[in-house]
Amino acid sequence: MAAANRISRIRNIGIIAHIDAGKTTLTERILYYTGKTHRIGEVHDGQATMDWMPEEQERGITITSAVTTCIWQGKEIHIIDTPGHVDFTMEVERSLRVLDGAIGVFCAVGGVEPQSETVWHQADRYRVPKMAFVNKMDRLGANFQGTVDQMREMLGINPLVMNIPWGAEDEFKGIIDLVREKLILWDEATEGVEFEYVDIPDELQEEAALAREQMLETLADADDGIMEKYLEGEDIEPREIHAAVRRACIALKVVPIFCGSALRNKGVQPVLDAIGRYLPSPADIPPVKGENPVTGEIEEREPKNNAPLAALAFKVQMDQGRKMTYVRVYSGRLKAGDEVWNPGQQKKEKAARILQMHANKRERVKEAGAGEIVAVMGLKHSVTGDTLCDAAHPILLEPINAYEPVISVAVEPKTTGDQEKIESALAKLAEEDPTFVVKFNDETGQTIISGMGELHLEVLVHRLLREFNAPVRVGKPQVVYRETIQGRATVTEKFDRDIGGSRHVAGITLTVEPADRGEGNSVTSNLDPDALPEGYEDLIVDTLKQGLESGVLQGYPMIDVRATVDDVSFDESQSSDIAFRAVSAMALNRACSQAEPILLEPMMRVEVLVPEAFMGEVIGDLNSRNGRVEEIKPRGPVQAVMAVAPLSRMFGYSTALRSNTQGRGTFTMVFSHYDPVSS
């Protein structure tokens with residue numbers, strides 16, 4: 001019973017937002033008010049607890065998701081503070097995969113910014129219940145209602161406003177709690193630790209009554225119990241409202257919305273209360289599902305300590321050269337020293353030590369139960385997305401999908417003696433980050449590293465020097481192109497050669513045709529079941545899949561190609577694996593060469609926020625980069641210019657934008673799709 005009670009008290013939450021919306025600032029206040037830290041660390045001073053990497057402290061941004069645990073009113077809150085920069089979207093993705101709830105932080109001035117939209121929809125994909133905090137109510141241009149309206153329109157949510165601000169900008173004084181019908185005022189002398197509930201002033205009574213009526217109306221639409229009382233005009237107790245908001249939030253019917261200013265220490269405690277009241281515990285969400293790798297059947301694991309172990313490795317981090325794996329335990333217990341089974345890698349692993357993390361600080365624990373997020377030392381083979389389970393009750397949980405890198409640079413050691421050290425360091429960084437890919441080009445002898453953007457690669461190159469003492473020279477950024485075909489081609493290819501004194505013979509008829517953009521590659525076979533001995537058909541299909549990884553124009557991977565094996569010729573005495581591999585590769589190359597191959601380049605969705613006075617220069621510059629302006633929207637005191645532009649023309653754009661707008665323009669850029677390369 002005690003274990004079940006503990007699970008119901010756990011909250012696994014993530015804090016998600018656009019860069020500079022105030023995620024880390026909010027987290028710092030949460031840690032301070034829950035007694036986890038004894039001073040408030042500020043991002044702008046490079047002192048934030050959760051931004052512990054030197055790279056984060058210098059740049060004032062979050063780069064890696066950090067985990068911590070704190071206690072508030074009997075609830076054990078596991079928090080993951082995630083990055084807001086688009087280059088580190090994978091950190092958000094893998095965090096949301098293991099979380100039960102999320103808090104979206106929105107700037108009251110900027111509203112719903114591009115990356116806010118991206119991370120919100122990532123959470124939607126995993127059906128994560130969410131609440132929102134409209135931050136920076138003290139800033140010039142703060143507009144609470146405008147931000148709520150944007151959230152309704154752009155995120156497609158049903159906002160449930162739980163408190164409203166008293167004043168804005170310099171006049172922001174406190175918050176009206178619509179459930180208790182009280183005004184909350186914070187004591188600035190105690191850094192917001194002390195606050196009081198007072199009666200709502202007369203001049204705010206009408207506004208508060210209207211907002212409360214709207215809250216109850218929205219809640220009545222989402223909850224039958226409230227609907228009944230609301231229609232009959234009965235008084236609704238605060239505890240009934242809290243219970244109904246919790247049900248509606250977990251069912252994804254509403255998003256509770258709060259406001260405040262984390263930097264000014266106002267509005268944080270109501271958010272902490274709401275985490276415990278409205279967001280789900282591991283016991284409130286459906287049991288995790290996975291495939292039994294032995295039977296192929298889908299099985300469930302309930303969040304109970306006495307169930308078989310099922311856990312997901314969601315993040316790998318190198319800690320002073322040693323591998324540390326972050327794990328979410330869904331069911332069962334994971335004990336220090338336990339041997340566990342990794343069904344994806346088909347390997348046994350030993351959980352040597354289990355650690356509870358507080359950013360980069362740690363505390364050793366003997367075991368982790370259902371619902372907990374911990375770090376494990378000693379897992380040699382496990383990578384992001386791997387399942388850990390009980391060997392007697394195997395299960396394979398849904399893995400975490402990585403994003404395709406869009407930008408590459410060549411790196412080489414500054415001295416020849418550093419080659420091995422750099423190869424080892426790059427391998428460790430690639431194990432940490434699934435969106436970071438390292439390849440060696442045999443033709444040029446170069447090591448090519450690929451990632452999600454210029455900042456992503458810049459940070460990794462700095463880490464090579466700082467953490468691994470492996471300085472490198474870096475080439476100019478290169479775009480990661482793709483190839484595809486526009487036409488259909490059918491070829492028949494023969495292979496007949498003497499190799500090592502034996503004759504090797506095979507033949508194949510192959511058709512290639514374009515698939516819809518975004519569909520991906522597919523290889524199918526139309527052969528009769530008895531056309532080939534067992535194993536040959538799989539060998540041909542595997543060879544064709546590998547062949548599509550390098551195209552016929554410049555060797556870039558091919559995308560959206562359908563290849564179909566129509567026929568084969570087989571000789572029992574002379575056909576071999578070697579012959580079928582060779583003839584399949586030759587046929588694919590010739591068929592793709594005849595099917596109008598083209599080069600594709602990554603197109604980026606760009607959003608530029610710029611004062612109206614500089615609109616002409618910004619649009620002219622985007623046009624000169626082959627950009628296509630799709631929409632211009634007013635957003636408070638600035639204009640938001642939405643455009644699509646080729647990545648190859650966007651290098652150095654931040655410098656050009658600063659120059660064109662006297663430093664007043666800002667932009668974000670995310671990968672959109674692949675298009676044929678413009679002339």
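Small disclaimer: the values here were computed from a predicted structure and weren't measured.
Distance CZ/R649 to CE/M603: 10.5 Å, rounded to 0.5 Å. Interatomic distance, CG of L160 versus NZ of K253, reported as 13.0 Å (0.5 Å rounding).
A cation-pi arrangement, defined by a distance under 6.0 Å to the six-membered ring centre and an angle within 45 degrees of its axis, is present between R180 and Y197. In this structure, K173 forms a cation-pi arrangement with W166, its terminal cationic atom sitting closer than 6.0 Å to the ring centre and no more than 45° off the ring axis.
A salt bridge between R212 and E181 is present, with a side-chain N of the basic residue lying under 4.0 Å from a carboxylate O of the acidic one. Salt-bridge check for D560 with R517: passed, with a basic side-chain N closer than 4.0 Å to an acidic carboxylate O. With respect to the salt-bridge test (charged N to carboxylate O, under 4.0 angstrom), the residues D100 and R11 do not qualify. With respect to E188 and R264, no salt bridge is recorded, no charged nitrogen being found less than 4.0 Å from a carboxylate O.
Counting heavy atoms from C-beta outward, Q639 and L609 have side chains that stay 4.5 Å or more apart. Contact of the L600 side chain with the V677 side chain is not registered, since no non-hydrogen atoms from C-beta on lie closer than 4.5 Å. Under the 4.5 Å side-chain criterion, counting only non-hydrogen atoms from C-beta, H673 is not in contact with M604. In this structure the side chain of F314 reaches within 4.5 angstrom of the side chain of I80, judged on heavy atoms. Side-chain contact between I77 and L272 is present, with heavy atoms from C-beta onward closer than 4.5 Å.
In terms of modelled atom types and a separation under 3.5 Å, the side chain of K633 and the main chain of E631 share no donor-acceptor contact. No donor-acceptor pair under 3.5 Å is formed between the side chain of R605 and the backbone N or O of M642. Between the side chain of Q205 and the backbone N or O of I200, at least one donor-acceptor pair lies under 3.5 Å.
Each of W186, Y32, Y33 was evaluated against E191; a single residue qualifies, Y32, per the side-chain hydrogen bond (donor to acceptor under 3.5 Å, both in side chains) test.
In summary, the aromatic rings of Y481 and Y556 are positioned with their centroids under 6.0 Å apart.
In this structure, a donor-acceptor pair under 3.5 Å is present between the side chains of D149 and Q145.
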